[in-house]
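Here's the structure, in structure tokens; my notes come after.
Note that this is a predicted model, so its numbers are computed, not measured. Just so you know, ligand 1 is whichever comes first in the structure, and atom 1 is the first atom listed for that ligand.
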Amino acid sequence: MNDKEIAQNKGHLHPISQAIEDIRRIFKEMGFAIVEGPEVESEFYNFDALNFPKDHPARDMQDTFWIKDPKPINSGSSPVQQEKREKAEKMLLRTHTSPVQIRYMQSHKPPFGIIVPGKVFRNEATDATHEAQFYQYEALFVAKKASMANLKGVIETFFKEFFGPDVEIIFRPSFFPFVEPGVEVAMKWKGKVLEMLGAGMVHPNVLKAGGLDPEQWQGFAFGGGIDRLILLKYGIDDVRLLYSGDLRLVDQF
Ligand code: YSA
């Protein structure tokens with residue numbers, strides 16, 4: 001067997017796993033802890049606790065994979081038990097990694113900074129920049145004082161470490177119910193502007209849902225697409241190729 005054949009047979013990490021390793025390393029160096037959360041989530045953590053109004057379009061069947069026929073959590077039939085059961089039974093495949101923000105705040109005392117890489121799911125049509133199952137990385141920082149300047153600094157440091165010092169990123173205003181103010185970060189890609197992440201200062205209602213007093217604590221958060229980081233870093237044309245199992249793509253990494 002020649003050297004090339006030996007190298008080919010050795011195997012290696014998939015580019016998504018490599019990107020997750022890079023993300024973990026870069027944020028660890030900035031002092032963030034690596035955290036995970038469940039992929040099957042409750043409507044409460046995925047939407048309610050994140051300040052999504054009841055009628056927000058993101059809750060539509062088109063965006064969310066709801067879990068069918070969940071098992072009853074108790075068998076009582078009083079109105080209170082029925083209401084509890086209905087609330088508890090609405091389960092889904094998480095549409096973003098943001099529910100881990102609430103879970104972490106509920107079980108940890110600030111100050112803290114966490115990074116959550118993980119799989120998410122959306123019931124939507126796929127194209128070159130959209131998959132129905134893809135990866136996000138979520139960051140949450142909570143302390144007595146936190147500012148948009150801190151948020152911008154952390155995001156810029158991450159992009160420079162991931163892409164190299166000359167990377168160009170665009171900050172522009174955006175809206176997410178769980179932050180105020182909200183921004184997004186985009187990059188130029190194939191003559192278009194491609195959204196890379198959503199971010200902002202944690203909304204007081206979200207701090208409250210996490211059991212924290214917004215008079216005492218401030219925070220910033222962001223959540224970005226890992227697949228899109230890979231598209232731009234390696235010049236891949238279509239996110240769907242990452243899930244195709246085609247070794248001609250995977251073996252290039
Ligand atoms: C916003 C503010 C915060 O304080 C914290 C997090 C966020 C992000 C929010 N949770 C969210 O999911 N926003 S998003 O729907 O715009 O997705 C975030 C990123 O995921 C996008 O910028 C994009 O990079 C990626 N993404 C979204 N849908 C995708 C996708 N990547 C591949 N396929 C899809 N279908």
Apply salt bridge (charged side-chain N to carboxylate O under 4.0 Å, His left out) to E138 and R94, showing your working. CA-CA 13 Å; E138 186 87 10; R94 67 178 177 191; over 6 Å; no
Are there any N/O pairs under 3.5 Å between ligand 1 and the protein, and if so, what are their distances?
residue: ligand 1; atom: 4 (O); partner: A221; partner atom: O; Å: 3.3
residue: ligand 1; atom: 10 (N); partner: H96; partner atom: ND1; Å: 2.9
residue: ligand 1; atom: 10 (N); partner: S98; partner atom: OG; Å: 2.9
residue: ligand 1; atom: 12 (O); partner: R122; partner atom: NH2; Å: 3.0
residue: ligand 1; atom: 12 (O); partner: Q136; partner atom: NE2; Å: 3.1
residue: ligand 1; atom: 15 (O); partner: R122; partner atom: NH1; Å: 2.9
residue: ligand 1; atom: 15 (O); partner: R122; partner atom: NH2; Å: 3.0
residue: ligand 1; atom: 16 (O); partner: E195; partner atom: OE2; Å: 2.8
residue: ligand 1; atom: 17 (O); partner: Q136; partner atom: NE2; Å: 3.3
residue: ligand 1; atom: 20 (O); partner: Q136; partner atom: NE2; Å: 3.3
residue: ligand 1; atom: 22 (O); partner: E195; partner atom: OE2; Å: 2.7
residue: ligand 1; atom: 22 (O); partner: L197; partner atom: N; Å: 3.3
residue: ligand 1; atom: 24 (O); partner: E195; partner atom: O; Å: 3.3
residue: ligand 1; atom: 24 (O); partner: M196; partner atom: O; Å: 3.1
residue: ligand 1; atom: 24 (O); partner: G225; partner atom: N; Å: 3.3
residue: ligand 1; atom: 33 (N); partner: E131; partner atom: N; Å: 2.9
residue: ligand 1; atom: 35 (N); partner: E124; partner atom: OE2; Å: 2.6
residue: ligand 1; atom: 35 (N); partner: E131; partner atom: N; Å: 3.4
residue: ligand 1; atom: 35 (N); partner: E131; partner atom: O; Å: 2.9

If you count the non-hydrogen atoms of other residues, nucleotides and ligands that lie under 6.0 Å from CZ in R103, is the total more than 12? yes
Please tabulate, one pair per line, all N/O donor-acceptor pairs under 3.5 Å involving side-chain atoms of residues 201-209, not counting sequence neighbours.
residue: H203; atom: ND1; partner: N205; partner atom: N; Å: 3.0
residue: N205; atom: ND2; partner: N51; partner atom: OD1; Å: 3.1

Is the charged tip of R122 near the ring of F65: under 6.0 Å from the six-membered ring centre and within 45° of its axis? no
Contacts satisfying salt bridge (Lys or Arg N to Asp or Glu O under 4.0 Å) that involve residues 169-188 (not counting sequence neighbours) are R172-E184
Side-chain donor-acceptor distances from residues 146-160 under 3.5 Å, at least two apart:
residue: S147; atom: OG; partner: A149; partner atom: N; Å: 3.3
residue: S147; atom: OG; partner: N150; partner atom: N; Å: 3.1
residue: S147; atom: OG; partner: N150; partner atom: OD1; Å: 3.2
residue: N150; atom: OD1; partner: S147; partner atom: N; Å: 2.9
residue: K152; atom: NZ; partner: E156; partner atom: OE2; Å: 3.3
residue: T157; atom: OG1; partner: G153; partner atom: O; Å: 2.7

